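Here the structure is a predicted model, which is why all the values come from computation and not from measurement.
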Amino acid sequence: MVIIGAGHAGCRAAQSLRPHGWAGPIHLINGEERAPYERPPLSKSVLLQQKETSQIPLLRSAWLEDDTTFYHEDVRVTTIDRTQKTLALSNGQSLTYESLLIATGAKPRTLDFGRTLPAGVMTLRSAVHAEALGDTLLAGKRLVIIGGGLIGLEVAASAVGKGCGVTVIETAPRLLARVVPTEIASEVRKDHEAAGIQFRLGTSVEGIVGDAYIKGVRLSSGEEIPCDVLLVSIGVSPETALAEASGLEIDNGIVVDEFLRTSDPAIFAAGDVSSIRRDESLRPQRLECWKNAEDQGELVARNMLGHQVAYEMVPWMWSDQFDKVIQAAGWPAPDQAITLRPLASGGIAAFHHDRETLVAVSAYGAIGVVAKAVRVGSTMLQRGMSPAPATVCAVADLRELLQVQQAA
C-alpha cells in the first residue's frame, strides 16, 4: 500500500490500514521537510507562536516502529506508471503498489499583479508559511488580508491579539459567503469590528505598493491602504498535477466515486484533493475541511483493502473566531432558504433548506451552544430528517426536533 501525501487524509489512512487487516508493507510519502502535523492550529496557536508543529503531530510514534512501515520525508512522486503499478520518486527510488492513495491536498491561490511580488506578501497553508507569518506579525505592524473567508478571519483575530492593525478586503458584499448565511456573517463581522479589525467589502485589490518590500495595496475604489504585511487568503486549488499527468479524471479535483476510487480502480483519492460524485446529475463536489479529510482517510483505508464501504458521512467544519466558534454541517450554499433560531448566550443557528429538504445547519456563538445545535442538525442530516421551518422555531429545545421527526 502506497500513500502520497502526509496531511490529515494520508496519515489517517496510513494508521487505519493495520486495524482493518493489512499486514503488508505501507509506504507514506511526505513532500514536506518535517514530520506530519495538525493543520488547524496553523492560523491560531502556531501563528501565535504558542506551539511548534512537533507538539501537534499527526502520526503516533508507535506507527513508525513497525518493520514493514516505511516513511519517506522530503520526497515527492515524479511519475505514476499505471500499467506497471509503479511510482518514480524524487530521490531516485521507485515503488510498486497494490493500491495507491493520492492525498496531495491543495495549494493556496495567489493573485497575479503582473509583476514580481515584494517581500511581505504571504499565503498560509503550511507550517513554513505560518512560522514566517508569525515572525512578521509584531505589535504595531499593519496587516492587510485579502479574503474574508474562515482562514482570513482566523488570522485577523490572531493578529489583532498580537497588537497588529488589521484590515480585511473582500470582493463580495459580505463575509463568509460560501459558508454561512448573511445573518451569521453579520454577527461575526460585528465581533471583529469590536476588536478593532477594519473591513473593505465589495472591492478588490488592483495593485500593490512597494518594490523590495510591501508598503500598501491599491483598491478598485481608488483607496490606498498602507501595510507592512499582505496575506493573500483567497482559497485553495487542489494539487492535481500528478494525477492529471497520469491520465486520471479531473474536475475541480481528482474525481472519485462513492468508494473514493478514481477512474483507475487501483488508485484512490481522499481529502482536499478529491472531488466526490454524489449524484450523476451534479458536478463532483470537493470538501475542504479537517473532518472530511479525517473521515475519508479512515474510509479509504478500508476500501483500499477491498471492503467497498460507501462514503455517506455528513460534512462538518468549525472555525475559532476569538472566544466564539462557527460550525456548519451538511452542504450550505448561498441560494438555500434559511430559518434562523436564537441560541443561548447570544448565539444564532441557521437551518438551510433546499425546497423542503434540510441540507445544512450552521451556527455561531459560544462553543457549547453551537456544538449542541450543529450536532442535532448533523444527526438529522445523517438520518434524512427534514423538519419544517416552523417546527425549527417552535420547539423549546433543539433536541425535541429529533423526537418530533422520529415520531412523524
*Asks:* Do Arg12 and Glu298 meet the salt-bridge criterion of a basic N to acidic O distance under 4.0 Å?
*Replies:*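 No.
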*Asks:* Which heavy atom of Gly10 sits nearest to which heavy atom of Ala103, and what is that distance?
*Replies:*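 Where Gly10 meets Ala103 most closely, the heavy atoms are N-CB, 3.8 Å.
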*Asks:* Specify whether Trp290 and His8 have parallel, tilted or perpendicular ring planes, treating 30° as the upper limit for parallel and 60° as the lower limit for perpendicular.
*Replies:*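 Taking His8 first and then Trp290, their aromatic rings stand perpendicular (interplane angle over 60°).
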*Asks:* So, taking the atom named CZ in Arg261 and the one named CG in Leu101, what distance separates them when rounded to the nearest 0.5 Å?
*Replies:*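 Going from the CZ atom of Arg261 to the CG atom of Leu101 covers 14.0 Å.
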*Asks:* Within a radius of less than 6.0 Å around CZ of Arg399, do more than 12 heavy atoms belonging to other residues, nucleotides or ligands occur?
*Replies:*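 No, CZ of Arg399 has 12 or fewer neighbouring heavy atoms, counting only those of other groups under 6.0 Å.
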*Asks:* Does the side chain of Pro118 reach to within under 4.5 Å of the side chain of Ile208, using non-hydrogen atoms?
*Replies:*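 Yes, close enough: below the 4.5 Å cut-off.
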*Asks:* Is it true that Asp272 and Arg39 make a salt bridge, defined as a side-chain N closer than 4.0 Å to a carboxylate O?
*Replies:*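 A salt bridge is absent here (no side-chain N lies under 4.0 Å from a carboxylate O).
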*Asks:* Around atom NZ of Lys44, are there more than 12 heavy atoms from other residues, nucleotides or ligands closer than 6.0 Å?
*Replies:*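 More than 12 heavy atoms, drawn from other residues, nucleotides or ligands, come within 6.0 Å of this atom.
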*Asks:* Can you tell me how far apart OG1 (Thr136) and CD1 (Ile214) are? Round to the nearest 0.5 Å.
*Replies:*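 Those atoms lie 12.5 Å apart.
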*Asks:* Please indicate whether Gln308 has more than 12 foreign heavy atoms, meaning atoms of other residues, nucleotides or ligands, lying under 6.0 Å from its CD.
*Replies:*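 Correct, the count exceeds 12.
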*Asks:* For the pair Trp22 (side chain) and Pro25 (backbone), establish whether a donor and an acceptor sit closer than 3.5 Å, ignoring hydrogens and angles.
*Replies:*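 Between the backbone of Pro25 and the side chain of Trp22 there is a qualifying donor-acceptor contact (under 3.5 Å).
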*Asks:* Between the side chain of Asp354 and the main-chain N/O of Gln336, is any donor-acceptor distance below 3.5 Å?
*Replies:*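 No; judged by distance alone, with no hydrogens or angles, the pair does not exist.
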*Asks:* Report yes or no: does Lys291 contribute a side-chain atom to a donor-acceptor pair with the main-chain N or O of Trp316 at less than 3.5 Å?
*Replies:*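 Pair absent, no side-chain N/O of Lys291 close to backbone of Trp316.
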*Asks:* Between Trp63 and Ile26, is any pair of side-chain heavy atoms under 4.5 Å apart?
*Replies:*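 The answer is yes; the side chains approach within 4.5 Å.
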*Asks:* Any side-chain to backbone donor/acceptor pair from Ser233 onto Gly147? Under 3.5 Å, distance only.
*Replies:*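 No, Ser233 side chain to Gly147 backbone: no donor-acceptor pair under 3.5 Å.
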*Asks:* Give a yes or no answer on whether the side chain of Asn303 reaches the backbone of Phe259 with a donor-acceptor pair at less than 3.5 Å.
*Replies:*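 It does hold such a pair.
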*Asks:* Tell me, do Phe268 and Val256 make a side-chain contact under 4.5 Å, heavy atoms counted?
*Replies:*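 Of all side-chain heavy-atom pairs linking Val256 with Phe268, none is under 4.5 Å.
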*Asks:* Please step through side-chain contact (heavy atoms from CB on, under 4.5 Å) for the pair Arg18 and Asp66, ending with a clear verdict.
*Replies:* CA-CA 10 Å; Arg18 298 277 186 243; Asp66 190 323; 3.1 Å; yes
*Asks:* Keeping Ser274 on the side-chain end and Ile276 on the backbone end, is there a donor-acceptor pair under 3.5 Å?
*Replies:*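 Looks like no, no N/O pair under 3.5 Å.
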*Asks:* If you look only at pairs with a residue in residues 103-113, which of them pass as a side-chain hydrogen bond (donor to acceptor under 3.5 Å, both in side chains), with sequence neighbours excluded?
*Replies:*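 Residue pairs passing side-chain hydrogen bond (donor to acceptor under 3.5 Å, both in side chains), neighbours aside: Arg109-Ser237.
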*Asks:* Can you tell me how far apart NE2 (His352) and OG1 (Thr339) are? Round to the nearest 0.5 Å.
*Replies:*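 Answer rounded to 0.5 Å: 9.5 Å.
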*Asks:* Thinking salt bridges, do Glu239 and Arg76 make one under a 4.0 Å N-O criterion?
*Replies:*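 Result for this pair is no, no salt bridge flagged.
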*Asks:* side-chain contact (heavy atoms from CB on, under 4.5 Å) for Trp318 and Val370? Distances and angles first, verdict last.
*Replies:* CA-CA 10 Å; Trp318 93 95; Val370 166; over 6 Å; no
*Asks:* Check whether more than 12 heavy atoms from other residues, nucleotides or ligands sit under 6.0 Å from atom CG of Leu95, and answer yes or no.
*Replies:*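 Correct, the count exceeds 12.
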*Asks:* Report yes if the side chains of Ile254 and Pro238 come closer than 4.5 Å at any heavy-atom pair, otherwise no.
*Replies:*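 SC-SC contact between Ile254 and Pro238 ruled out.
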*Asks:* Is the shortest side-chain heavy-atom distance between Leu87 and Ile29 below 4.5 Å?
*Replies:*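 Yes, their side chains come closer than 4.5 Å.
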*Asks:* Just by distance, with hydrogens left out, do Tyr37 and Glu32 show a side-chain donor and acceptor under 3.5 Å apart?
*Replies:*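 Present: a donor and an acceptor within the cut-off.
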*Asks:* Are a donor atom and an acceptor atom from the side chains of Thr182 and Arg174 found within less than 3.5 Å of each other?
*Replies:*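 A donor-acceptor contact under 3.5 Å links the two side chains.
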*Asks:* Which value, rounded to the nearest 0.5 Å, describes the distance between Leu230 atom CG and Leu117 atom CG?
*Replies:*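 Spacing of CG (Leu230) from CG (Leu117) equals 8.5 Å.
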*Asks:* Is any side-chain heavy atom of Ile184 closer than 4.5 Å to a side-chain heavy atom of Leu176?
*Replies:*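 In short, these two side chains do not touch, never coming nearer than 4.5 Å.
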*Asks:* Does the side chain of Leu59 reach to within under 4.5 Å of the side chain of Leu28, using non-hydrogen atoms?
*Replies:*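 SC-SC contact between Leu59 and Leu28 confirmed.
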*Asks:* Ring centroids only, cut at 6.0 angstrom: are His192 and Phe322 within range, meaning strictly under it?
*Replies:*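 Between Phe322 and His192, which both carry aromatic rings, the centre distance is below 6.0 Å.
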*Asks:* Do the side chain of Ser45 and the main chain of Gln50 share a donor and acceptor less than 3.5 angstrom apart?
*Replies:*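 Not at all, since once roles are kept as given, no pair shorter than 3.5 Å links the two residues.
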*Asks:* Of all the heavy-atom pairs spanning Ala373 and Val361, show the shortest one and how long it is.
*Replies:*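 Between these two residues, the closest heavy atoms are O-CG1, 4.2 Å.
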*Asks:* Checking Glu249 now: which residues fulfil side-chain hydrogen bond (donor to acceptor under 3.5 Å, both in side chains) with it, not counting sequence neighbours?
*Replies:*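 Once residues adjacent in sequence are excluded, the partners of Glu249 under the side-chain hydrogen bond (donor to acceptor under 3.5 Å, both in side chains) criterion are Arg277.
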*Asks:* Report yes if the side chains of Pro108 and Leu124 come closer than 4.5 Å at any heavy-atom pair, otherwise no.
*Replies:*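 No, side chains not in contact.
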*Asks:* Is the backbone of Ser246 close enough, under 3.5 Å, to the side chain of Arg82 for a donor and an acceptor to pair up by distance?
*Replies:*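 Here the side-chain-to-backbone pair exists.
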*Asks:* For Leu201 and Arg189, work out which heavy atoms get closest and say how close.
*Replies:*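 Closest approach of Leu201 to Arg189, heavy atoms only: CD1-NH1, 3.3 Å.
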*Asks:* Do other residues, nucleotides or ligands put more than 12 heavy atoms under 6.0 Å from Arg115 CZ?
*Replies:*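 Yes.
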*Asks:* If I take atom CG from residue Leu287 and atom CH2 from residue Trp331, how far apart are they, to the nearest 0.5 angstrom?
*Replies:*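 Answer rounded to 0.5 Å: 8.0 Å.
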*Asks:* Given Glu223 and Thr203, is the side-chain contact (heavy atoms from CB on, under 4.5 Å) satisfied, shown in steps?
*Replies:* CA-CA 10 Å; Glu223 181 183 6; Thr203 188; over 6 Å; no
*Asks:* Could you give the distance from OH (Tyr364) to CG (Asp191), rounded to the nearest 0.5 Å?
*Replies:*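 Tyr364 atom OH to Asp191 atom CG measures 3.5 Å (nearest 0.5 Å).
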*Asks:* What pair of heavy atoms forms the shortest contact from Leu58 to Gln15, and how long is it?
*Replies:*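 It is O-NE2, 3.1 Å.
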*Asks:* Kindly give the heavy-atom pair with the smallest separation between Ala363 and Val374, and that separation in Å.
*Replies:*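 Distance-wise, the nearest heavy atoms are CB-CG2, 3.9 Å.
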*Asks:* Using the side-chain contact (heavy atoms from CB on, under 4.5 Å) rule, take Val155 and Leu133 through it: C-alpha gap first, then chi angles, then the decisive distance, then the call.
*Replies:* CA-CA 10 Å; Val155 173; Leu133 186 57; 4.2 Å; yes
*Asks:* Which atom pair, heavy atoms only, marks the closest approach of Ile250 to Ala243?
*Replies:*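 Answer, listing the atom of Ile250 first, then Ala243: CD1-CB, 4.1 Å.
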*Asks:* Take atom CD in Gln49; do more than 12 heavy atoms of anything else shown fall under 6.0 Å from it?
*Replies:*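 Atom CD in Gln49 is crowded, with more than 12 foreign heavy atoms closer than 6.0 Å.
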*Asks:* Check Glu193 with Lys190, please: is the shortest side-chain N to carboxylate O separation under 4.0 Å?
*Replies:*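 Result for this pair is no, no salt bridge flagged.
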*Asks:* Should the heavy atoms of other residues, nucleotides or ligands under 6.0 Å from CD of Glu52 be counted, would the total exceed 12?
*Replies:*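 Not buried by this count: 12 neighbours or fewer within 6.0 Å.
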*Asks:* Sorted by first residue and then second, give each side-chain hydrogen bond (donor to acceptor under 3.5 Å, both in side chains) pair with at least one member in residues 372-391; sequence neighbours left out.
*Replies:*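 As it turns out, the side-chain hydrogen bond (donor to acceptor under 3.5 Å, both in side chains) pairs with a partner in residues 372-391, which skip direct neighbours, are Lys372-Asp397.
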*Asks:* Say whether, by atom type as modelled, one donor and one acceptor occur between the side chain of Asp257 and the main chain of Leu260 under 3.5 angstrom.
*Replies:*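 Yes, Asp257 side chain to Leu260 backbone: donor-acceptor pair under 3.5 Å.
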*Asks:* Is atom NZ of Lys162 surrounded by more than 12 heavy atoms (other residues, nucleotides or ligands) closer than 6.0 Å?
*Replies:*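 Counting neighbours around NZ of Lys162, more than 12 heavy atoms of other residues, nucleotides or ligands fall under 6.0 Å, so yes.
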*Asks:* Any sub-3.5 Å donor-acceptor pair from Ser362's side-chain atoms to Val180's backbone N or O?
*Replies:*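 No; judged by distance alone, with no hydrogens or angles, the pair does not exist.
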